[in-house]
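Below is one structure, written out as structure tokens, with a few remarks after it.
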Amino acid sequence: MSSSRPPLLALDDALQRLLAAARTLADPESVSTFDADGRVLAQDLVSELHVPPQDNSSMDGYAVASADLSRTGTVLTVTQRIAAGTSGQPLHSGQAARIFTGAPIPPGADAVVMQEDCQTVGEPTDGAPALVRINAVPAPGQWIRRAGEDVTRSSVVLARGARLSPPSLGLAAGIGFDRLSVVRRPRVALFSTGDELVMPGAVAPADMPPGAIYNSNRYFLRAMLLRLGCEVSDLGIVPDKRQATLDALRSAASQHDLILTSGGVSVGEEDHIRPAVMALGALDLWQIAMKPGKPFAYGHVGPCHFIGLPGNPVSSFVTFAVLVRPFLLRLQGASELAATASLARADFDWPRPDGRREFLRVRRNGGGGLDLFANQSSGVLTSAVWGDGLVDNPSGTAIGRGDQVRYLAFADLLS
Ligand code: AMP
Ligand code: MG
């Protein structure tokens, strides 16, 4: 046997190849703004109005002309009362308007004095206007929310490609959108491979045959797909026959945008999905310079993408997070694909780094640093449950206590 192996593919190159193959799904759909959380906008949202529409009060108090109030204790005549949802009349010199939070500032007023700084003078008697003593000297503009300070008319409030979050739904509603045009959900078919796999529920733990393990990947992969806005068809474990595999793949390919599998991409693996994909379309096996998660397959069956993840649970989890997640976001036309890493202090030593880029399971501690999970094996899913993120460690880089490292939070990688 030759000892020369093909060079490993750099993770960034693998990601570029994947992203280059992903086109934004056509045919956007219109959904209720209520149901648009997590979806990617297929349109620019342009505001037809200012938000807020007019200058309005941010306090309960009195609207005044600051020019009337050069000293404290000035007494003004209260000529009107303006509640939220109503509008006032022009204010003249010597006058004040009783005003409430959210109510429009009347013409002639340029400041609001909060009611705690005001005192009504005497008892209001029939017919006679009430008086108010202003015990503060307001600065012009005080306690006024300016028209358009949130959104200005004609501006793009949310751009195509924005992934909608709860506050962005509020903002969209705030400029009058009750429906939004979003990219449709990617349809993903999920297959498992491996004769050792048993579905939990099918066989009790005490009755597991030798060599059998429960299929854990299917559970977290499905959950990660759902969090990324996909429609998932869980097609289970493919029958152990060539023709059945071809049929299953052909029918999945006609109804999905992506077929995702885990397992069976290692060298020398004996599963049928790989040769069947090659027979129906094309498949490249990549050896990516990353740990965990070296073997990875990308191809297609007709127009349907095919991605094969490694079987080891942590490898599957990490390759999904750093490769499949951006790929699925690109299919949805999202403008932000990569999770943002932050710098954090390592509170651990990592003296023997791998030659491949590593993704270490870590957890933030109360002191603002990162602790390392003791067992970094690619089969130990506990590391990803204990941890709250990954250290993205460049190849061959030893880490010493106190070093700054690149930290990727699961909160970002899983949403
Ligand atoms: P493979 O990539 O198929 O060589 O699998 C590598 C390791 O991951 C083996 O120990 C498999 O038993 C395990 N594995 C593969 N698929 C799954 C799965 N769906 N759930 C849990 N472990 C798996
Ligand atoms: Mg296998």
Side-chain angles (χ1 to χ4, degrees), residues 5-6 8-9 11 14 188-205 207-227 230 232-242 244-245 248-249 252 258-278 283-299 306-325 354 356 358-359 361 373 375-387 414:
R5 294 213 196 108
L8 299 183
L9 182 62
L11 175 57
V188 182
L190 189 57
F191 283 98
S192 304
T193 81
D195 292 342
E196 73 278 31
L197 300 179
V198 170
M199 284 302 287
V203 179
D207 302 329
M208 287 285 273
I213 58 166
Y214 286 121
N215 186 341
S216 39
N217 296 2
R218 191 165 160 186
Y219 287 80
F220 67 73
L221 290 174
R222 180 175 182 278
M224 290 165 99
L225 287 166
L226 292 176
R227 284 199 181 188
C230 299
V232 183
S233 312
D234 191 339
L235 301 180
I237 299 168
V238 188
D240 199 8
K241 299 227 163 52
R242 181 177 151 81
T245 305
L249 280 177
L258 168 66
I259 295 172
L260 183 68
T261 68
S262 75
V265 285
S266 317
V267 185
E269 187 80 32
E270 292 181 27
D271 78 294
H272 340 274
I273 290 197
R274 216 171 57 173
V277 172
M278 287 172 170
L283 188 65
D284 280 333
L285 292 178
W286 297 345
Q287 299 297 317
I288 302 179
M290 65 183 288
K291 186 182 181 184
K294 183 166 69 166
F296 187 94
Y298 174 74
F306 179 94
I307 290 178
L309 301 177
N312 272 310
V314 185
S315 307
S316 229
F317 175 76
V318 171
T319 47
F320 187 103
V322 301
L323 288 163
V324 182
R325 177 182 180 277
D354 198 87
R356 291 175 274 161
E358 293 171 302
F359 291 92
R361 274 76 66 212
F373 190 73
N375 187 340
Q376 292 287 325
S377 156
S378 61
V380 175
L381 203 49
T382 309
S383 65
V385 174
W386 178 92
L414 297 181

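Counting starts at 1 for both ligands and their atoms, following the listed order. All values reported here derive from a predicted model rather than from experimental measurement.
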Among the heavy atoms of V265, does any lie under 4.0 Å from an atom of ligand 1? no

Taking only non-hydrogen atoms of Y214 and a 4.0 Å limit, the atoms of ligand 1 in range are 20 (N), 21 (C)

Ligand 1 contact by S216, heavy-atom criterion under 4.0 angstrom: yes

Considering only the protein, which heavy-atom contact is closest to atom 3 (O) of ligand 1, and what is its distance? G264 N, 2.9 Å

Derivation of the side-chain contact (heavy atoms from CB on, under 4.5 Å) call for I213 and L197: CA-CA 5 Å; I213 58 166; L197 300 179; 3.8 Å; yes

What heavy-atom pair brings A297 and L285 nearest, and what distance separates the two atoms? CB-CD2, 3.5 Å

For atom 2 (O) of ligand 1, which of G194, S262, G311 has the closest heavy atom? G311

Ligand 1 atoms nearer than 4.0 angstrom to some heavy atom of G263 are 2 (O), 3 (O)

Point-to-point distance, once rounded to the nearest 0.5 Å, from CZ of F191 to CD1 of I273: 6.0 Å

Any side-chain heavy-atom pair of R274 and T261 under 4.5 Å: no

Taking N or O atoms only and a 3.5 Å limit, does P313 qualify as a polar contact for ligand 1? no

Using the side-chain contact (heavy atoms from CB on, under 4.5 Å) rule, take F220 and S316 through it: C-alpha gap first, then chi angles, then the decisive distance, then the call. CA-CA 9 Å; F220 67 73; S316 229; 3.8 Å; yes

Please work out which of the three classes, parallel, tilted or perpendicular, describes the rings of W386 and F373, given edges at 30° and 60°. tilted

Under 3.5 Å between any N/O of S192 and any N/O of ligand 1: does that happen in this structure? no

Heavy-atom nearest neighbour in the protein, as seen from atom 6 (C) of ligand 1, with distance rounded to 0.1 Å: N312 N, 3.6 Å

Under the side-chain contact (heavy atoms from CB on, under 4.5 Å) rule, what do L258 and F306 come out as? Steps first, then yes or no, please. CA-CA 6 Å; L258 168 66; F306 179 94; 5.8 Å; no

Considering only heavy atoms from C-beta outward, does the side chain of V324 approach that of L221 to under 4.5 Å? no

Evaluate M199 against Y219 for side-chain contact (heavy atoms from CB on, under 4.5 Å), listing each step before the verdict. CA-CA 10 Å; M199 284 302 287; Y219 287 80; 3.3 Å; yes

I need the nearest protein heavy-atom contact for atom 19 (N) of ligand 1: residue, atom name and distance, please. N215 OD1, 2.8 Å

Ligand-residue contact atoms, ligand 1 with L197, heavy atoms, under 4.0 Å: 16 (N), 17 (C), 18 (C), 19 (N), 20 (N), 23 (C)

Nearest-neighbour protein heavy atom for atom 12 (O) of ligand 1, which is reported as residue plus atom name and distance: E196 OE2, 2.7 Å

Give the residue and atom name of whichever protein heavy atom lies nearest to atom 22 (N) of ligand 1, and the separation in Å to one decimal. I213 CD1, 3.4 Å

